[in-house]
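Read the numbers this way: they start at 1 and go in the same order the structure lists the ligands and their atoms. Because only heavy atoms are used, hydrogens play no part in the values below, and waters and symmetry mates are left out as well, while side chains stay in.
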Amino acid sequence: MQLRFTKMHGLGNDFVVIDLITQRFKLKPHHIRKIADRHFGIGCDQVLTVEIPSQPDVDFRYRIYNAEGSEVEQCGNGARCFARFVREKRLTGKQKIKVETLAGIIELEVTENRHVRVDMGEPILDPKRIPFTAELQAPDYALDINGSRWQVGAVSMGNPHVILPVDDVDSAPVEQVGPITESHPRFPQRVNVGFMHIVDRDTIRLRVFERGVGETLACGTGACAAVVSGIVQGKLNATVTAHLPGGSLSIRWQGPGQPVIMTGPATTVFEGQIQI
Ligand SMILES: N[C@H](CCC[C@H](N)C(=O)O)C(=O)O
């Protein structure tokens, strides 16, 4: 079958976006792996699908698949691309778009300067719901990684994140520590691994080794989780600029009971068709 797709990216975190409203196809893990393959397929970090919602008062269903084929709960950079896609494809004319994900409902808004503002919902700090094995909820946790002890943050944005503090992201041990931490036994559903340098109370630099993908040029939920962790530890103000290798995001969180608001760009690269 020929499937139409659109190649997009959010700060270099790249996606293949497929409209499964006007096209009918059931994507299986081996299809995702083929689409995501950078030599034998199109190439991307994640595949995103646009589907008919299953809930009332929601505009679309938004599904996310990591390049390895696993379906995941949330993708922040993908959410911004989702908003641009459904408007460019005239699947909606709305300024504010509600979408359902495995992590719950999020709200997307295309802003005047063509950026997209996403209400990512409330962060989850209860270890049991991240999930992360810990006696009690705390601002940070001692975590032994390959014989070294780190003092880490643990936050879910619907998907699990662990945040490791570093003094310099450029020299952070992403390749060495990322893979082993992604599969750390205290994270039963594996985890996205952020390496965060707090520059000042309004600024962080961040690299992310993503669950199911590896290091990406940007991670939206990772930026949200890192800022929340820094705020909980009393080290960041409510509005933070997160600088990632692919570019910068604005992240705002006003504390417990409040949603995390992420604002940033979304870019369409090309359209195509793939025989699948
Ligand atoms: N790798 C993530 C999903 C994609 C998240 C990232 N691309 C973002 O922008 O939030 C996970 O397994 O939870």
Set of residues satisfying salt bridge (charged side-chain N to carboxylate O under 4.0 Å, His left out) with respect to Glu175, sequence neighbours excluded: Arg207

Pair Phe132 and Tyr141, ring centroids less than 6.0 Å apart: yes

Charged N to carboxylate O under 4.0 angstrom, [X] versus [Y]?
| X | Y | value |
| --- | --- | --- |
| Arg63 | Glu51 | yes |
| Arg38 | Asp45 | yes |
| Lys89 | Glu271 | yes |

Non-hydrogen side-chain atoms of Val86 and Asp19 separated by less than 4.5 Å: no

First-shell residues of ligand 1 [heavy atom, distance under 4.0 Å]: Asn13, Gln46, Asn66, Val72, Gln74, Cys75, Gly76, Asn77, Asn159, Asn192, Glu210, Arg211, Cys219, Gly220, Thr221

